[in-house]
2 protein chains.
Amino acid sequence: MANTKKSTIKDIANVLGISPSAVSKALNNHPRISKKTKDAVLQVAENINYQPNHIATALRKGKSNLVGVIIPKANSNFFSSIIEKIEDVLNKKGYNVIITQSNESYNKECKNIEALLFTQVDGIIASMANETVKLDYYNKVKRKGIPLILFDRGENDLNVDYIGIDDYKSSHMVIDHLVDQGCKRIAHIGGYSQTRIYKNRIKGYVDALEKHNLPFEDDLMYECNLRLQDGKDIMNKLLQLPKPPDGVYVAGDYAALGALEVIKQKKLKIPEDIALVGFSNEPFSEFVSPAISSIEQHSETIGELAAKTFLNRIAKPNEEVSLNKIILKPELIIRASSKRK
Amino acid sequence: MANTKKSTIKDIANVLGISPSAVSKALNNHPRISKKTKDAVLQVAENINYQPNHIATALRKGKSNLVGVIIPKANSNFFSSIIEKIEDVLNKKGYNVIITQSNESYNKECKNIEALLFTQVDGIIASMANETVKLDYYNKVKRKGIPLILFDRGENDLNVDYIGIDDYKSSHMVIDHLVDQGCKRIAHIGGYSQTRIYKNRIKGYVDALEKHNLPFEDDLMYECNLRLQDGKDIMNKLLQLPKPPDGVYVAGDYAALGALEVIKQKKLKIPEDIALVGFSNEPFSEFVSPAISSIEQHSETIGELAAKTFLNRIAKPNEEVSLNKIILKPELIIRASSKRK
DNA sequence: TATATTTGTTCAAACGTTGGAACAAAAGTA
DNA sequence: TACTTTTGTTCCAACGTTTGAACAAATATA
């Protein structure tokens, strides 16, 4: 029935009466092997359904051709399309991608790193969990000398390649827009400031307010996990303020959706009473009502650049110099939720 | 700087003046090795920061401890939480998980299978792409003799383990509910019937209509990719019918969201004019307005069972008998979009 | 014709680990 | 004391591939 025994290079060699190394060289298109032999080998390989043993190659070459990717959670379009692009680029170069989720947990992230190192990946492309403050595990990766590339959720202290968008500028774009629409009291529902990107968004928010001579008030700013429920909870708090905001900038679309629901529930008008802007342009943002304005982060580009950066590192491993810090330009997509005029 | 040269079992052996195999056995807690030696080995391993070479082990043992998972797309909560659970269960047993996305494309799926086989995974857990009709690649996996487990999107002809919910029954639950709410003309926005689960949902819809003596009309049923935009497009068509439906059963929440938007846009009332039920209970369904009724598929359970089924297969490889076809009970979550009374 | 070069192949070792066979030493049994 | 059993270890081959060195044969150069 099932020809369960896998055929090897040796089997091909036996059939043809040549040595295994000749076969190996033929398969790898070695210049010293004659066309005749190469053809014969290919033919036999086909016939006996030969599949190279990747593990043996990996052992011999000291290279697994596996790349680990760590993301917080795959269930957003942002991350899943980044993964898609990374797979795309790396598969073409003969790499396979191992994806792991940290679920925003530092512990899980550490376990993932352990597992990836154990699996002998040739590199790690990661976006850090919200919780992560300690960098010990990432440093371990660096010390092993295998390429580490961060995207979106990065960390300056690590001193590794990084691809992300300009979060500080994003906030300016959002606030500029809201001010332009006539907002005077703008709240921010942000991520935890320990994460660099959220810190930058907050900083951008604060600085942009100042730029426009608008007051910054503690009551108007919250840090949270940016889940849908967080958006609801915080929006409720904001609406209970003596002077509620007339504009809300939310650092994530799921939380923005939560905020939207609460505002509608309270029979307030969007954007007239409160203008709302989200972040990361999830597919649903366009379709809820009113459609939520959001920052597009160009996830495909991020994925592509992350993969290419890895390939570059692999190509020239001992090039200590010139870290890549690629900062992409954000794009503000203006929709009904913030368009007053 | 970086002690880039990895330490091996041999290094430990040299330090202690014992043989490599003694070290190997000590590390694997072989009963014939003395406690003294084991302790010493562990100590030295720690000191020189020894990390076992997984690839060498894999080669020697003929087992990669890698499991491939193929899903259509990670960006839904349904799939990402299944993955999470699979990782969870398998990591505990020393397996690592390689996740790949087919993006609903047959070609990509084939490539993924190729890549996973090439990487020498010990098993594949998959949910098929919508497009997939030909089973040749999956049959190839079977012929290799490595465990194949399908979930959600399965296929009877393949004759492999399967975990999913009772789609046929789901439809009955939905239609029963809609009828109970007074709907007389119920439309179905379904997935492509070539996919088993969608076929079952359609069959359930048709049979349930009959059960309730309601008319089945071609005009009231569509097959599509169930993306948000598909929901919008088809809902528009449904509303242009001379006699539009008063209830719509959508086989996916994203498409349901699209339909919802269109209905609201046309100033029709939900659930009064049209009652709406979705499928798979994505997180946003609860929070849009009106909240969308949906079928909960218990994704964690699916993930857990898929992983455990794999482990069972591995444990007893030559047990040809007794396929596992695990069909879970669906749960209808009734929300505002269909609750008339 | 003698020598150098090219071509096509084989040999052997290596990658790091494992595990059965072999064996010596220690301990137990008659 | 002589034998069996147990204990702790080493030896060696194996997993499937790769690769530089070696080598013979064919071809080119002087």
Side-chain angles (χ1 to χ4, degrees), chain A residues 3-42 44-45 48-66 94 117-122 144 146, chain B residues 3-42 44-45 48-66 94 117-122 144 146:
Chain A
N3 189 6
T4 194
K5 195 79 197 132
K6 288 165 200 150
S7 48
T8 73
I9 234 169
K10 249 182 180 166
D11 299 325
I12 302 180
N14 285 340
V15 172
L16 293 170
I18 60 176
S19 73
S21 45
V23 175
S24 168
K25 288 183 168 115
L27 290 171
N28 290 297
N29 206 21
H30 190 286
R32 283 285 193 79
I33 298 290
S34 68
K35 175 116 184 11
K36 208 184 91 198
T37 307
K38 281 177 187 169
D39 289 348
V41 166
L42 253 33
V44 175
I48 67 173
N49 189 29
Y50 167 75
Q51 295 276 131
N53 184 325
H54 168 256
I55 293 178
T57 310
L59 176 59
R60 178 61 230 250
K61 293 202 168 175
K63 199 165 171 304
S64 68
N65 272 42
L66 251 30
L117 291 178
F118 178 73
T119 314
Q120 231 95 14
V121 293
D122 291 341
K144 288 242 167 202
I146 77 171
Chain B
N3 189 6
T4 194
K5 194 80 198 128
K6 289 165 198 148
S7 48
T8 74
I9 234 169
K10 250 183 181 166
D11 298 324
I12 302 181
N14 286 339
V15 171
L16 292 170
I18 60 177
S19 74
S21 46
V23 175
S24 168
K25 289 184 170 107
L27 290 172
N28 290 297
N29 205 21
H30 191 287
R32 284 286 193 79
I33 298 290
S34 68
K35 176 114 183 16
K36 208 183 93 199
T37 308
K38 281 178 187 167
D39 289 348
V41 166
L42 254 34
V44 175
I48 67 172
N49 189 28
Y50 167 76
Q51 296 276 131
N53 184 326
H54 168 255
I55 293 178
T57 310
L59 176 59
R60 177 62 230 252
K61 293 203 169 173
K63 199 164 174 303
S64 68
N65 272 42
L66 251 30
L117 290 179
F118 178 73
T119 314
Q120 233 93 16
V121 292
D122 291 341
K144 288 243 165 199
I146 76 171

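Convention: sequence-line order gives letters A, B, ...; per-chain numbering from 1.
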### Query
Asn53(B) versus Thr8(B): any side-chain heavy-atom pair under 4.5 Å?
no

### Query
Would you say the side chain of Asp122(A) lies within less than 4.5 Å of the side chain of Ile146(A), judging by non-hydrogen atoms?
no

### Task
Decide yes or no on side chain to side chain contact (heavy atoms under 4.5 Å, CB included) for Thr119(A) and Leu66(B), but give the supporting numbers first.
CA-CA 9 Å; Thr119(A) 314; Leu66(B) 251 30; 3.7 Å; yes

### Message
Determine whether Val44(B) and Tyr50(B) satisfy the following criterion, side chain to side chain contact (heavy atoms under 4.5 Å, CB included), listing intermediate values before the conclusion.
### Response
CA-CA 8 Å; Val44(B) 175; Tyr50(B) 167 76; over 6 Å; no

d([atom1], [X]; [atom2], [N]) in whole Å:
| X | N | atom1 | atom2 | answer |
| --- | --- | --- | --- | --- |
| His30(A) | dA21(D) | NE2 | C1' | 12 Å |
| Asn14(A) | dT10(C) | CG | P | 12 Å |
| Lys61(A) | dG20(D) | NZ | C1' | 15 Å |
| Lys36(B) | dA26(C) | NZ | C1' | 14 Å |
| Lys10(A) | dT10(C) | NZ | P | 15 Å |
| Ile18(A) | dC11(C) | CD1 | C1' | 14 Å |
| Leu59(B) | dA13(D) | CG | P | 18 Å |
| Phe118(A) | dT17(C) | CZ | P | 11 Å |

Is there a donor-acceptor pair under 3.5 Å between the side chain of [X] and the backbone N or O of [Y]?
| X | Y | answer |
| --- | --- | --- |
| Asp39(A) | Lys36(A) | no |
| Lys6(A) | Lys144(B) | no |
| His54(A) | Ser64(A) | yes |

Taking only N/O atoms, report every protein-nucleotides 5-8 of chain D pair under 3.5 Å with atom names and distance.
from   : atom 1 : to       : atom 2 : distance (Å)
dG8(D) : N7     : Arg32(B) : NH1    : 3.3
dG8(D) : O6     : Arg32(B) : NH1    : 3.1

### Task
Identify the heavy atoms of Pro52(B) and Phe118(A) that sit nearest to each other, and give their distance.
CG-CE1, 3.9 Å

### Query
Within a reach of under 6.0 Å around NZ of Lys63(B), are more than 12 heavy atoms found that belong to other residues, nucleotides or ligands?
yes

### Task
Compare the minimum distances between each of dT17(D), dT10(C), dT19(D) and the side chain of Ser19(A), then state the nucleotide with the smallest one.
dT10(C)

### Query
How would you label the contact of Ile55(B) with the nucleic acid (heavy atoms, under 4.0 Å): base, sugar-phosphate, or nothing?
nothing

### Query
Which of residues 20-28 of chain A sit near DNA chain C, with a heavy atom under 4.0 Å from it?
Ser21(A), Ala22(A), Lys25(A)

